[in-house]
Amino acid sequence: MTADLYQKLSHPNLLRRAWHLARNDSRTDFMFDPFRFSDFAFRLEEHLSHLSESLARGSYHPNPLLLIDVPKSTLSVRPGTVVSIEDKIVLFAIACLIAPPLDKKLPEAVYSWRVKPQAKRDDLFHDHELLSFPFLKRKTIQRELELVEPWYALWPEFLASLETAYEKEGYRFLVSSDIVAYFENVDLGLLRDLLLQHLPRQPRLVNFLIGLLEYWTWPTLHGSPAPRGIPQGNGMSSFLGNIYLLPLDQAFAAFARRKDVKYLRYMDDVKVLAKDRATAREALFLMNDHLRGLRLNIQGSKTRIFEEGEIHAELFDERLDRTNNLIKAIQKNKNVTAGKRAEFIDSLKEVYRQLRGRKGVIRDKELRLFRRLITAFTTLRSSTIVSPVLDQLDRNPDSRLLNSAVRYLRVQDGNRSRISTRLGRLLSRPDELFPYQEAHLLMTLRYMRNIPSQGWEQAKSRLKSKTAHWYVRQQAALLLALKPLGNRELAWLLRLYNKERGTEVKRALVHPLSQLNRDSLEPVVRGLVFASDPRLNRIGRFLHSLLFEEARAIEHLNNLFDNITDEVMIDRLYELEVLAKCRSAQVRQRFVEKAMLACETARRPLLKSRLTRLTASSAGLSVYRPGQKNIETRA
C-alpha cells in the first residue's frame with residue numbers, strides 16, 4: 001500500500017469525484033440545503049482548490065454539524081445531523097482511499113456497503129471527462145463514479161441468503177436482536193484502534209478522520225467531551241459503522257468453524273441461524289459479549305430465538321415481495337399504457353387491503369410495507385392512497401413515513417386542494433408536532449398546485465417566532481418565496497433579514513428577498529459578498545455574478561432552463577428573479593426568450609404569473625412595479 005494516503009487526499013481529481021458522491025449522498029440528508037449547493041457548484045473549481053490547499057497544508061478544520069431531533073414515534077426521537085458540503089466531500093475522499101483495502105477484510109457474510117469489484121482497480125486520480133461537469137445525473141454518478149454497490153442490490157441478496165439457509169440448508173433456529181442506539185455509541189478510540197490495525201501505515205489519515213469525528217461528538221451535560229458517536233444519515237458513517245462491527249464478524253467466523261451456524265449481516269442487522277437451540281443460545285451469548293466489548297448493547301425486548309415456522313414469519317413477507325416485484329415491473333415499463341397502469345394499481349390495492357393497522361397507527365413491519373406501497377403509487381403518480389397517507393401523517397410522526405409521504409404528495413396534481421387543506425390543519429397544531437414534522441409539512445406545501453392563504457399566514461408566523469427551530473423557520477422562508485410579495489412584505493422581510501443572526505435562516509431569507517427591485521437587491525448582494533461567514537459569502541458571490549457578469553450569467557441561464565420543470569422552478573425561483581434584473585441587456589433579453597417558453601409549459605398558475613411578471617419587467621416594459629421606490633428599512 002502507498003506509504004501515506006493522506007498526501008493523496010488533496011488530489012484535485014479525487015476531490016472532484018468526492019464532490020459528485022457527496023452531492024448524490026445529500027439527497028438522503030435529514031435536512032436539505034436551500035440552494036441545493038448551486039452556490040458551491042457555481043465556482044466549483046475555486047472551492048475545490050481552496051479545499052485542496054487547506055488539506056495539503058494540514059490546516060483544514062471541520063464545520064459544526066446541523067442538528068435536529070428526528071421522530072421515531074409519538075414519544076421518541078433520534079439525533080439527526082447534517083455535515084457541511086465541504087466536510088462531506090472530505091469524508092467521501094477519505095472513503096475512496098480507505099474503503100478498497102478495508103473491504104478486503106470483510107467476510108462474504110457482510111452484505112452492506114461493499115465496494116464494487118471494478119472500483120478496486122479504478123484509478124481514483126485519473127482525469128475522467130465526467131469530472132469536469134459540476135452537476136451529473138444520479139444514474140450517471142451511480143454507474144460511473146459510485147464506490148459501493150447500491151443498497152437496493154445488496155439487501156435482496158441478504159434476504160435471499162437467509163431464505164436459502166432456512167429453506168434449503170436445514171437451519172431451523174434464528175437468533176435475532178437489535179443494537180441499542182448503534183451510531184450514537186460507536187467508541188471513537190476503539191474505531192481508531194481498529195482502523196490502525198488494518199491500515200497500519202496510515203496513521204496520519206486515520207488520526208485526521210478521527211479528529212473530524214471527535215469534533216462532531218455531543219458534549220455531556222457538564223460540557224466535557226464524550227469520545228463516542230458518529231453523525232447519522234450519510235454514506236461515510238454507514239461505511240465506518242460497517243467496519244466497526246468487523247470484530248463481531250471475525251468472532252462468528254471462528255465460531256462457525258467450531259459450530260454449524262450461518263452468520264449474515266447487513267449493517268447492524270445481525271442474523272445467526274443454527275440447527276439446534278443449544279447452539280443458537282450459545283451464539284446469542286457470543287453476540288452479546290462481543291458487542292459489549294465494542295461498547296454496544298443489545299436490546300433485550302427485541303432479542304429472541306425463533307424456531308421453525310416462526311422464522312418464516314419473521315424473515316419473509318409475501319406481500320412485501322409482491323410489492324417489490326410490482327415496483328420493478330413498473331420501473332421497467334417506462335411508457336405504461338392506461339390498461340397496464342390500471343392493472344398495476346389493482347394489484348397494489350389488493351396488497352394494501354392486506355395491510356394491518358390501517359385504521360390506527362401503522363408500525364414496524366407493516367410500516368415498511370406501507371412505505372413500499374407509497375413508493376409504488378408515487379412511481380405511478382396514482383392518487384389511490386392519498387387519504388390513507390394523510391391519515392397516517394396525522395397519527396404517526398415517524399420520519400421515514402414522513403419522507404415517503406412528502407415524495408408521494410408532491411406528485412399529486414389532482415388532489416392538491418384537499419392535500420393543502422389537510423396539511424394546513426396539521427400545521428395549525430404546532431404543539432402536537434415535532435419541529436422536523438413542521439419543517440417537512442411546510443416543504444410539502446411549496447409543491448402544491450394552489451397554496452391556501454392559511455399556508456402563507458402559517459409560514460409568516462413560523463418565521464416571526466423566536467422559539468421555532470431554525471429548520472422550521474428556514475422552510476417557512478422558502479415557502480414565502482413562492483408568493484408574489486408586495487412592498488410592505490418585502491420591507492418586513494428585509495428588516496427581519498438585517499436582524500437575523502442565524503446563518504441558516506439568513507441564507508433562506510435570500511429566496512424571498514430576490515423579489516426586491518434591482519436597486520434594493522444590489523446592496524443585499526454586496527453585503528453578502530463581504531460577509532465574514534463563508535456560507536453567506538458564497539451566496540453573495542454567486543448572486544453578484546448573476547447580476548453583473550454577462551458571460552457567466554448567460555452560461556448559467558442556459559443551464560438553468562435546460563429541461564426545466566415546475567419542481568425545478570420552485571426550487572430556483574430566486575435565480576430567475578436575479579437573472580431578470582441582470583445589468584446586462586443581453587442577459588435580460590435571453591432570459592425573456594427562455595422564460596416565455598417555460599411559461600407555456602408551466603402547470604402551476606402561481607409559476608405562470610411569476611414568469612409573466614418577470615418577463616415583463618426584464619423586457620423593460622415595467623422595470624419596477626408602478627409607483628415602486630427603493631425599499632428602505634429601519635432596524
Can you tell me how the ring of [X] sits relative to the ring of [Y], calling it parallel under 30°, perpendicular over 60° and tilted otherwise?
X	Y	answer
Phe158	Trp155	tilted
Tyr263	Phe252	parallel
Phe542	Phe42	tilted
Tyr244	Tyr182	tilted
Tyr6	Phe208	perpendicular

**Request:** Sequence neighbours left out, what passes ring pair (Phe, Tyr, Trp, His ring centres under 6.0 Å) with Phe173? Give chain and number order.
**Result:** none

**Message:** With a 4.0 Å cut-off on N to O distance, would you call Glu314 and Arg304 a salt bridge?
**Reply:** no

**Message:** Do the side chains of Arg507 and Asp39 get close enough for a salt bridge, i.e. N-O under 4.0 angstrom?
**Reply:** yes

**Counterpart residues, salt bridge (Lys or Arg N to Asp or Glu O under 4.0 Å), relative to Glu157 (two or more places apart)** = none

**Results of salt bridge (Lys or Arg N to Asp or Glu O under 4.0 Å) for Arg204 - residues two or more places apart only** = Asp4

**Asked** Are Arg36 and Phe32 in a cation-pi contact, defined as NZ or CZ under 6.0 Å from the six-membered ring centre and within 45° of the axis?
**Response** yes

**Message:** Suppose we call two aromatic rings close when their centres sit under 6.0 Å apart. Are His61 and Tyr215 close by that rule?
**Reply:** yes

**Derivation of the salt bridge (charged side-chain N to carboxylate O under 4.0 Å, His left out) call for Asp364 and Lys302** = CA-CA 12 Å; Asp364 304 324; Lys302 294 187 178 180; 5.8 Å; no

**Asked** Counting only heavy atoms not in Lys72, do more than 12 sit closer than 6.0 Å to its NZ atom?
**Response** no

